[in-house]
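Everything numeric in this text was worked out from a predicted model, so none of it was measured. Whatever order the structure lists ligands and atoms in, that order sets their numbers, starting from 1. Values below: all heavy atoms of this structure, side chains included; hydrogens, waters and symmetry mates excluded.
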Amino acid sequence: MAKQKLVVIGNGMAGIRTLEEILKQKPEAFDITVFGTEPYPNYNRIQLSKVLQGDTSVSDITLNEWHWYEDNNIRLYPGETVTEIDKENKQVFTDKKRTEPYDKMIIATGSHPFILPLPGADKEGVTAFRDIKDCEKMMDYSNKYKKAAVIGGGLLGLEAARGLLNLGMDVDVVHLADSLMERQLDETAGKMLQESLEEQGMNFLLNRQTSEIMGDDRVTGLRFADGEELKADLVIMAVGVKPNVGLAKQTGIPIHRGILVNDYMETEIPDIYAVGECAEHRNVVYGLVAPLYEQGQELAKHICGTPGEGYQGSVVSTQLKVSGVDVFSTGQIVEDERTKAIRTYDDWNGVYQKLIIDEGKLSGAVLFGDTKDGNRLLSLIKKGADVEEFLESDRSDESAMDMIASMPEEELICGCNGVSKGTIVEAIQSQGLTSVEQVKGCTNASRSCGTCQSLVSDLLEYTLGDEYIKDQKEAICSCTTLSRDEVIEEIKEKGLKTTREVMNVLGWESAEGCSKCKPALNYYMGMLNPTEYEDEKESRYVNERLHANIQKDGTFSVVPRMYGGVTDSDSLRKIADAAEKYEAGMIKVTGGQRIDLLGIKKEDLPDIWRDLDMPSGAAYAKGLRTVKTCVGADFCRFGTQNSVGMGIDLEKKFEGLQTPHKIKMSVSACPRNCAEGGVKDVGVIGLDGVWEIYVGGNGGTELRKADLLTKVETSEEVIEYVGAYLQYYRETANYLERTSKWVERMGVDHVREVVEDGNQRDELNERMEVALSAVQEPWSEAVNNGTLLKELYEKVHVPTGSK
Ligand SMILES: Cc1cc2nc3c(=O)[nH]c(=O)nc-3n(C[C@H](O)[C@H](O)[C@H](O)COP(=O)(O)OP(=O)(O)OC[C@H]3O[C@@H](n4cnc5c(N)ncnc54)[C@H](O)[C@@H]3O)c2cc1C
Ligand SMILES: NC(=O)c1ccc[n+]([C@@H]2O[C@H](COP(=O)([O-])OP(=O)(O)OC[C@H]3O[C@@H](n4cnc5c(N)ncnc54)[C@H](O)[C@@H]3O)[C@@H](O)[C@H]2O)c1
Ligand code: SF4
Ligand code: FES
């Protein structure tokens with residue numbers, strides 16, 4: 001049977017994704033011709049922002065290389081525009097005088113950037129930002145001129161502005177509304193975004209209506225409706241897009257804003273389909289790739305005769321691609337009379353979360369500062385989940401692996417391409433995939449905006465375990481390409497003294513850093529220079545900065561230290577009095593053998609610490625938390641050693657020590673191991689005349705049994721070996737890497753070799769002593785320092801929690 005002739009008008013993201021789906025389902029069914037105005041193979045338009053920002057190059061953003069068309073027997077006419085459709089005779093005409101017949105045709109002509117009809121809009125130096133040509137023009141102008149004005153503070157305008165800053169230009173963003181990205185964000189998030197971008201060097205003129213573009217042949221500035229003027233050598237128009245429907249309109253295909261299509265992407269004219277930004281489905285024209293790809297999938301099924309329910313519309317989400325700023329929004333963003341909202345606002349850390357609930361179901365979300373829940377919220381909204389489903393799963397203290405493990409199979413990993421955790425894990429397992437590139441090739445995950453790449457990498461690690469070798473060195477965060485080791489070497493070599501200096505000298509992309517690198521750098525600087533480095537409290541996570549754990553309702557928990565889990569009646573009395581006086585909502589014995597006072601108000605924290613007059617239990621710290629002990633030889637008939645004394649000695653020795661992640665220890669006095677040393681970072685077990693030291697255990701979701709590090713005879717040796725082990729961990733682990741992961745990465749044999757080598761052990765312990773000499777008790781430091789009290793406990797705005 002002769003193949004049907006399929007013509008695709010538009011060689012862009014939606015048209016070519018539709019073809020890929022068709023080729024997957026019926027590779028031999030069609031004789032395919034593609035026309036594209038642009039002279040390139042299909043490229044990733046989304047990544048143009050990253051090209052402008054200098055993260056990638058034009059040559060790296062091709063999605064389908066020239067040979068792909070050849071390999072699939074597709075006739076591509078690049079740089080050729082279809083100018084007319086003859087629907088009666090089923091053929092198209094092009095600007096190169098070509099005529100091409102079709103049996104079926106897909107219109108995928110995308111959008112035009114909207115150009116404000118202003119006097120002077122045609123001057124040299126005025127451009128849109130839609131394609132490679134625009135991108136190259138901006139890069140070229142940045143070599144010759146200094147001042148850029150971007151009209152439009154939406155996604156495109158802000159990504160362009162960041163790019164132009166990176167290219168060394170001064171950038172003013174002129175925006176019509178009074179807060180940025182008002183179509184995607186509420187006012188609170190819009191203002192937070194503005195502050196954050198101002199810190200990066202952008203300047204904003206809000207509520208400004210441009211009335212004229214000034215200059216002779218070339219632009220010299222903007223004039224606003226109120227008469228005010230702004231100098232500019234380059235003007236970018238980023239004020240939205242208009243579906244490209246001219247061809248359809250002249251053919252008599254019904255259009256409204258876009259080309260009208262039904263659920264199978266059929267226009268009213270038989271055998272003519274439309275897909276992508278040029279199509280209008282159920283009154284909606286989409287401007288993001290995720291829905292366009294969903295449309296493409298349904299259209300491919302229909303055209304190949306594969307049963308499908310048709311396209312039902314999409315819930316969309318957006319993420320701004322500007323490094324150092326995390327913004328996410330999906331679904332409904334502003335409340336109305338039907339809805340209620342849960343808001344969490346942490347002014348200090350710049351973290352804001354708003355969930356909108358419609359009759360118990362999640363209907364929208366706005367996240368700023370911490371967007372790791374974004375895709376999960378998108379999945380939940382898509383499936384119409386109850387808000388409880390989100391609230392019940394608290395992921396606040398989870399490591400990446402814990403988080404991946406606790407995700408349901410259907411949770412979206414890649415929002416752009418609609419790829420779930422289950423699909424990726426299945427592909428890794430069934431096809432033996434071992435790299436992000438391979439996962440991209442097989443599932444499309446991470447093929448568009450690229451923000452899900454680190455999640456895909458985590459999934460590979462989760463699925464393959466030790467077999468996964470990350471294909472690239474891992475940068476500390478997206479502000480730099482340098483790895484942890486490289487940064488540490490540079491700090492040492494160049495004698496850098498502050499995190500700000502590190503970011504400046506090492507060419508950080510964002511002058512302020514981000515929530516990932518700031519605390520990490522602060523730790524590394526303190527580890528390298530314990531006595532001279534002044535801890536940057538503003539770089540710490542809020543619990544560590546306030547020395548207490550924030551609870552769901554915005555109150556705090558207070559845990560005084562109880563060395564080795566041992567207390568006395570005086571201490572208990574003080575705790576009981578404080579609990580009563582400060583109206584603790586609950587008094588709870590913790591798993592680490594101490595007492596937690598929950599529900600303490602932020603403003604009462606310094607007073608309760610003063611009244612308690614006990615050291616902090618550091619229940620919030622990346623440092624030593626507890627040393628759990630069994631009752632030991634003095635009381636237990638099985639006991640062979642003084643586990644309580646050993647535990648207290650260890651806790652007193654290492655309390656206050658800063659480590660890459662939390663440290664939990666325990667001491668038991670016989671192999672029955674009642675203090676559970678097998679799941680601790682350090683577990684000491686007493687036998688007759690011997691102490692065994694176990695390391696790298698973990699009792700969380702990723703259970704790991706500790707490895708035997710060594711056996712020693714005396715309690716002094718226990719302290720010495722544990723000291724060397726902890727110092728080695730401090731010096732070589734990545735920030736936020738638990739000892740369980742670190743021991744696996746380094747290999748326990750290697751760690752043992754290091755601590756058993758007398759010279760190395762001594763040197764590690766010497767450096768440990770220096771680190772310990774700089775330790776200050778945080779609660780007494782806070783109550784005795786008026787400035788700190790004022791700064792931290794009066795200024796900090798903590799989340800008000802759910803309503
Ligand atoms: C800088 C930038 C960043 C973006 N970032 C994101 C993002 O992070 N996430 C996201 O989801 N979306 C993003 N988008 C939007 C996304 O790129 C678009 O939604 C997507 O490209 C639309 O695909 P499309 O195929 O419908 O249109 P297009 O990709 O525009 O493709 C249409 C093609 O058809 C060609 N054409 C038009 N008329 C004719 C004709 N008559 N004959 C022949 N060819 C014709 C055009 O030249 C064009 O090449 C971004 C867009 C830009 C410009
Ligand atoms: N990260 C992403 O997802 C991403 C990035 C870039 C572009 N895009 C897509 O590309 C398309 C274009 O983006 P966009 O930001 O131009 O569109 P947009 O419609 O999202 O934003 C345009 C902005 O320009 C403002 N504006 C309108 N008229 C103005 C005027 N006269 N003066 C000043 N400001 C004015 C509007 O208030 C609006 O905030 C959209 O479909 C967008 O979704 C997405
Ligand atoms: S670990 Fe041994 S010594 Fe300690 S309490 Fe348990 S049984 Fe007794
Ligand atoms: S989320 Fe954009 S590529 Fe995966």
Next item on the list: State whether C414 contributes an N/O/S atom found under 2.8 Å from atom 4 (Fe) of ligand 4.
Entry: yes
Short N or O separations between ligand 1 and the protein, below 3.5 Å:
unit_1	atom_1	unit_2	atom_2	d
ligand 1	5 (N)	K321	NZ	2.8
ligand 1	8 (O)	K321	NZ	2.6
ligand 1	11 (O)	V289	N	2.8
ligand 1	19 (O)	E277	OE2	2.6
ligand 1	19 (O)	G287	O	3.4
ligand 1	25 (O)	M13	N	3.2
ligand 1	25 (O)	A14	N	2.8
ligand 1	26 (O)	E277	N	2.9
ligand 1	29 (O)	R45	NE	2.8
ligand 1	29 (O)	R45	NH2	3.2
ligand 1	30 (O)	R45	NE	3.2
ligand 1	30 (O)	R45	NH2	3.4
ligand 1	30 (O)	R130	NH2	2.7
ligand 1	38 (N)	N244	ND2	3.4
ligand 1	41 (N)	V82	O	3.1
ligand 1	42 (N)	V82	N	3.0
ligand 1	44 (N)	T37	N	3.0
ligand 1	44 (N)	T37	OG1	3.1
ligand 1	49 (O)	E38	OE2	2.7
ligand 1	49 (O)	R45	NH2	3.4

Notebook entry, point to check: Going by the atom numbers of ligand 2, which of them fall below 4.0 Å from some non-hydrogen atom of K321?
Noted result: 1 (N), 5 (C)
Notebook entry, point to check: Got an N, O or S from C452 under 2.8 Å of atom 2 (Fe) of ligand 4?
Noted result: no
Check: At the 4.0 Å heavy-atom cut-off, does A177 count as touching ligand 2?
Finding: no
Check: What's the verdict on side chain to side chain contact (heavy atoms under 4.5 Å, CB included) for R208 and E228, showing C-alpha distance, side-chain angles and the deciding distance?
Finding: CA-CA 9 Å; R208 292 295 203 295; E228 199 191 334; 3.2 Å; yes
Notebook entry, point to check: Which atoms of ligand 4 sit under 4.0 Å from any heavy atom of S448?
Noted result: 3 (S)
Next item on the list: Report, in ascending order of atom number, the atoms of ligand 2 lying under 4.0 Å from any heavy atom of I151.
Entry: 32 (N), 33 (C)
Margin query: Distance under 4.0 Å to a non-hydrogen atom of C449: what atoms of ligand 4 satisfy this?
Written below: 1 (S), 2 (Fe), 3 (S)
Note to self: So for L116, does at least one of its heavy atoms come nearer than 4.0 angstrom to any atom of ligand 2?
What the structure shows: yes
Next item on the list: Check each atom of ligand 4 against the heavy atoms of S446 and keep those under 4.0 Å away; list them by number with element.
Entry: 3 (S), 4 (Fe)
Next item on the list: Output the list of atoms in ligand 2 that are nearer than 4.0 Å to some heavy atom of E159, sorted by atom number.
Entry: 1 (N), 2 (C), 5 (C), 6 (C)
Checklist line | Interfacing atoms of ligand 4 (cut-off 4.0 Å, heavy-atom, G450) | finding: 2 (Fe), 3 (S)
Checklist line | Atom indices of ligand 2 within 4.0 angstrom of E182 heavy atoms, with elements | finding: 36 (C), 37 (O), 38 (C), 39 (O)
Notebook entry, point to check: Counting only heavy atoms, which portion of L176 has something under 4.0 Å from ligand 2: side chain, backbone, both, or neither?
Noted result: both
Checklist line | Which residues share a salt bridge (charged side-chain N to carboxylate O under 4.0 Å, His left out) with R75, sequence neighbours left out | finding: D31, E100
Item checked: For atom 1 (S) of ligand 4, closest protein heavy-atom neighbour -> G415 N, 3.4 Å
Next item on the list: Check L288 against L292 and note the closest heavy-atom contact, atom names and distance.
Entry: O-CG, 3.1 Å
Item checked: Donor-acceptor contact present, side-chain E159 to main-chain K321, <3.5 Å -> yes
Next item on the list: For S446 and V456, work out which heavy atoms get closest and say how close.
Entry: CB-CG2, 4.4 Å
Margin query: Under 4.0 Å, counting heavy atoms only: does M181 come that close to any atom of ligand 2?
Written below: no
Next item on the list: Sort out for me which residue in D140, D134, I132 forms a side chain to side chain contact (heavy atoms under 4.5 Å, CB included) with E136.
Entry: I132
